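Single-structure report; data block below.
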Amino acid sequence: MESGLSEIGSTKMFDGFNKRYKHYSETLGCSMTFSIYFPPSSTSSSRKFPVLYWLSGLTCTDENFIIKSGAQRAASTRGIALVAPDTSPSEPHYIMSLLVYPVCIVTIWVLIFVGGLNVEGEADSYDFGVVGAGFYLNATQEKWKNWRMYDYVVKELPKLLSENFSQLDTTRASISGHSMGGHGALTIYLKNLDKYKSVSAFAPIANPINCQWGHKAFTNYLGDNKAAWEEYDATCLISKFNNLSATILIDQGENDQFFPDQLLPNKFEEACKKVNAPLLLRMHPGYDHSYYFIATFIEDHITHHSQALKL
Ligand SMILES: N[C@@H](CCC(=O)N[C@@H](CSC=O)C(=O)NCC(=O)O)C(=O)O
């Protein structure tokens, strides 16, 4: 099936453009939205922009980061494109369905409107399911089989970008995120060191197998198989490395309402120390979990990634 990529928004900012797109995702089996900030292009150069993927947290769409972070100021200056996907399969879509009418033996094609993915319980809580809580993993449980945000972010989206946006150089990519998206950024980076030049995170869920958010999501998406849980836990994954060279940047607010119980950055720090993984964990007195915190320090993250992307 065609991706049906269409532009649904365009707003000028810092001489570049925030663009919003909709497409049908084969991986997730539904329509998805994502946003790209394109820095200003110099008319005299055909230079392609490297990409910084941003993964947002619980309850978010692709728009929270674009609207609230102010990251475009530094991205414009540095010449980095920002790509922000949605956080779970959630968009309403139409499907073609074949009906076989039993009496007349007539086959009829009908267009059926599907709101969400129609999975029982998908919208019951803010920290699980369709309301922005895909956790950037590939679910193994039949009921949640459409929840394959890991494959969507790592495979489908970069392919879609490289096929449709000649101004992007998806071979030069870095990844960052917040909270659930910080967990996504760290795990995706550690599992794909060949695809991403650097990683950073704000208040990531750094050890999900040991917190309530992680338990709820992993039990539902992955079942009882604890080995499968560890494959999506940054603290477990980092323990497997002893030759990481690029510094991992993490910012954590000390007044964060979810710190430390849901986030556990200290567990990640301990694991990094054991394998000599370079980690810069910055604790910030007074800051909470919000986008005010992210907006305050996002420029440092853009600088961190622009160095790795050699800009
Ligand atoms: N509704 C919840 C709080 C939800 C929340 O704080 N979401 C964060 C991400 S949390 C981890 O993944 C967020 O980024 N929200 C969107 C925003 O624009 O701020 C509650 O009531 O506790």
Side-chain angles (χ1 to χ4, degrees), residues 9 11 18 20 33-35 37 52-72 82-90 121-137 139 147 149-150 152-153 175-189 199-222 229 232-235 250-268 281 284 286-298 301:
T11 314
N18 293 311
R20 195 164 190 229
T33 52
F34 64 89
S35 292
Y37 174 71
L52 175 61
Y53 293 95
W54 172 269
L55 306 183
S56 286
L58 294 166
T59 72
C60 292
T61 68
D62 56 297
E63 287 199 290
N64 296 64
F65 177 71
I66 294 297
I67 293 170
K68 293 181 173 179
S69 74
Q72 293 92 334
L82 305 171
V83 174
D86 202 349
T87 59
S88 70
S90 55
E122 68 180 10
D124 286 356
S125 54
Y126 82 90
D127 56 357
F128 180 74
V130 83
V131 196
F135 272 85
Y136 306 103
L137 49 71
W147 271 252
M149 286 301 293
Y150 177 87
Y152 178 70
V153 170
I175 191 160
S176 183
H178 171 225
S179 197
M180 176 186 73
H183 139 77
L186 290 171
T187 53
I188 284 173
Y189 172 75
V199 68
S200 73
F202 288 86
I205 307 173
N207 188 198
I209 66 169
N210 285 318
C211 76
Q212 180 263 325
W213 276 344
H215 268 247
K216 182 172 176 178
F218 288 9
T219 303
N220 282 288
Y221 292 135
L222 303 171
W229 291 28
Y232 292 107
D233 183 293
T235 299
I250 294 182
D251 279 324
Q252 175 63 57
E254 289 182 0
N255 272 27
D256 185 325
Q257 60 272 40
F258 302 115
F259 172 76
D261 298 3
Q262 301 283 14
L263 308 172
L264 303 169
N266 300 46
K267 294 285 179 200
F268 185 68
L281 171 60
H284 299 282
Y287 286 93
D288 64 15
H289 198 68
S290 70
Y291 268 87
Y292 296 112
F293 167 54
I294 295 171
T296 304
F297 297 105
I298 190 68
H301 288 241

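Any value given below was found using the heavy atoms of this structure, including those in side chains, with hydrogens, waters and symmetry copies removed. Not measured: the values here are computed from a predicted model. Whatever order the structure lists them in is the order used to number ligands and atoms, beginning at 1.
- Within 4.0 Å of ligand 1, heavy atoms belong to protein residues Gly57, Leu58, Thr59, Cys60, Asn64, Lys68, Tyr126, His178, Ser179, Met180, Trp213, Phe258, His289, Tyr291.
- Residues satisfying the ring-ring contact (aromatic ring centres under 6.0 Å, His included) criterion with Phe65, sequence neighbours excluded, are Trp54.
- With ring centers used as reference points, Tyr287 lies under 6.0 Å from Phe297.
- Partners of Phe218 by ring-ring contact (aromatic ring centres under 6.0 Å, His included), not counting sequence neighbours, listed by chain and number: Trp229.
- By the ring-ring contact (aromatic ring centres under 6.0 Å, His included) test, His183 pairs with Phe135, sequence neighbours left out.
- Nearest heavy-atom pair, Ala206 versus Pro208, reported as atom, atom and distance to 0.1 Å: C-CD, 3.6 Å.
- Between Tyr291 and His178, the distance separating the two ring centers is shorter than 6.0 angstrom.
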